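Keep in mind it's a predicted model, so treat the numbers as computed, not measured.
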Amino acid sequence: MGHVNLPASKRGGRQWRVLDVVSAAFFGLVFLFFVLVFTPMGDPLAASGRHTLLLSASDPRQRLRLTAAIEAGQPRLVEACPAADADHMPCEDPRLNSQLSREMNYYRERHCPPLENTPLCLIPAPKGYKAPVHWPQSLHKLGQYIPLSGGVLRTALDMGCGVASFGGYLLAQNMLTMSFAPRDSHKSQIQFALERGIPAFVAMLGTRRLPFPAFGFDLVHCSRCLIPFTAFNATYFIEVDRLLRPGGYLVISGPPVQWPKQDKEWSDLQAVARALCYELIAVDGNTVIWKKPAEDTCLPNQNEFGLDLCNDSNDPSFAWYFKLKKCVTKISSVKGQYAIGMIPKWPERLTAPPPRSTVLKNGADVYEADTKRWVRRVAYYKNSLKIKLGTPEVRNIMDMNAFFGGFAAALNSDPVWVMNVVPAQKALTLDAIFDRGLIGVYHDWCEPFSTYPRTYDLIHAASIESLIKDPASGKNRCNLVDLMVELDRMLRPEGTFVVRDTPEVIEKVARVARAVRWKPTIYDKEPGSHGREKILVATKTFWKL
């Protein structure tokens with residue numbers, strides 16, 4: 001067909017208008033490309049897109065087939081996640097949590113996606129990643145008011161800790177500090193603290209109790225942590241009171257203590273402390289120090305916050321997904337002589353039977369047998385299995401099934417710290433661990449742990465399959481492949497995984513270890529050990545995308 005004849009002026013005008021639209025669209029796309037690639041605006045969009053692609057590929061049936069094949073020993077490898085997920089934390093994902101309620105910081109707490117919606121892939125090390133500097137090369141007024149030396153105080157909690165410098169300072173005083181802060185979307189401060197070899201944990205004081213037992217910390221510290229202690233009828237102050245050992249010290253530095261334009265908040269803070277009969281030790285500039293009473297000598301009667309004592313049905317050590325209480329924990333609700341001044345000083349308290357070991361029948365006898373057993377086992381690990389305990393290559397250690405903390409206690413002479421994890425489905429022995437002067441948390445191993453990738457040098461587990469079984473039915477609540485993919489996320493490249501279990505379970509663990517690119521070796525148990533056990537020692541390889 002021929003072209004329609006148009007006047008030259010009209011024909012040229014229409015052509016130019018089309019060219020203008022095409023040119024504008026082209027330059028608009030170029031501009032958008034530069035915005036997405038070279039500015040921070042593109043980061044969440046790109047990450048969201050990659051995340052969507054991973055989720056869309058996460059077919060539950062395909063996951064089940066893959067995990068079953070790995071556990072059966074078929075030659076399968078778990079794929080690598082995208083490079084953008086190098087610092088991914090499944091339960092603290094800003095892309096998901098930003099959609100949640102901001103009331104009492106609910107959106108910044110743990111929120112774990114269902115496993116079937118989680119991509120089954122290994123978190124890669126970021127480009128240029130190197131092993132951190134070995135401990136102790138990485139770490140180089142309160143003593144006037146608080147007995148920081150002499151073993152009177154041992155365990156501390158640093159709230160909203162930044163890079164955990166306070167915890168690093170207390171290490172020189174032979175005090176062990178659990179530092180925590182919420183996930184930081186910019187600076188990753190908790191990750192930096194762990195890289196320095198300082199105990200740290202990702203957590204947020206929001207709607208639930210922190211995952212620690214009652215009366216576990218000898219000292220609680222907050223420096224510009226911005227926690228509104230008196231809000232919601234002093235609910236957050238009450239939670240601090242639950243965690244603080246009778247006779248222990250509370251230190252708050254920064255706002256609202258004698259802070260400009262915060263007179264009302266400072267007045268309320270003092271009123272709550274008075275209502276709970278805390279002894280004011282000092283107000284020094286913008287720092288206040290209180291001492292908690294050692295006994296129930298003061299009851300919160302008439303007070304402006306309406307504080308009441310909890311009834312006897314409240315177990316103050318329940319703290320896994322447990323909503324914050326608006327009542328004050330009675331010191332007499334927990335049996336034992338565990339107040340400051342009554343509990344043995346450090347280091348005697350490490351080996352003395354902990355006051356709260358009676359949570360189990362014949363607890364004191366079980367505790368002593370467990371302590372001797374782990375001394376023998378750790379010596380075997382070092383001398384016969386050549387695990388690098390006691391060397392500069394191992395600083396951050398996790399014990400996944402800590403019980404009374406015997407494994408950690410046997411490492412006391414080594415330059416290490418141990419995160420003692422007590423599974424939420426087992427006997428709540430974490431309070432006894434704190435009574436020994438050690439630290440740890442509650443956790444359910446069918447969920448990801450609240451830490452950044454590559455934060456532990458060595459992870460240890462006794463009876464690993466029991467961590468994923470339902471105690472009542474005996475059936476697995478989750479699978480071993482997902483658990484070990486999570487352990488791979490937490491373990492540093494060239495880090496070590498040690499597990500002891502029955503020969504059948506150890507063989508299964510070895511098959512999964514190869515699928516996540518670890519190098520496993522199986523050993524017999526130490527001489528003199530009873531029961532059907534073998535030990536697997538695996539090294540995480542330093543693979544790259």
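- Aromatic rings from Trp374 and Phe407 are positioned such that their centres are separated by under 6.0 Å.
- Using cut-offs of 30° and 60° on the angle between ring planes, the pair Phe434 and Phe212 is perpendicular.
- Look at Asp435 and Arg356 and you find a salt bridge, because one of the NZ, NE, NH1 or NH2 atoms lies within 4.0 Å of a carboxylate O, short of that distance.
- Between the side chains of Glu526 and Ser384, no donor-acceptor pair of N or O atoms lies under 3.5 Å.
- Between Phe201 and Phe449, a ring centre-to-centre spacing shorter than 6.0 Å is recorded.
- Taking the six-membered ring where tryptophan is involved, the planes of Phe166 and Tyr169 are tilted, since the angle between them lies from 30° to 60°.
- For the residue pair Lys426 and Ser466, a side-chain donor N or O sits within less than 3.5 Å of a side-chain acceptor on the partner.
- Using modelled atom types and a 3.5 Å distance limit, the side chains of Tyr321 and Glu447 yield a donor-acceptor pair.
- Glu109 and Thr207 form a side-chain donor-acceptor contact under 3.5 Å, judged by distance and modelled atom types alone.
- Between the side chains of Arg500 and Tyr381, at least one donor N or O lies within less than 3.5 Å of an accepting N or O.
- Inter-residue side-chain proximity for Val202 and Arg110 is flagged as unmet; no heavy-atom pair is nearer than 4.5 Å.
- Atom CZ of Phe232 has more than 12 heavy atoms from other residues, nucleotides or ligands within 6.0 Å.
- Proximity of Leu194 to Thr451: side-chain heavy atoms (C-beta onward) are separated by under 4.5 Å at one or more points.
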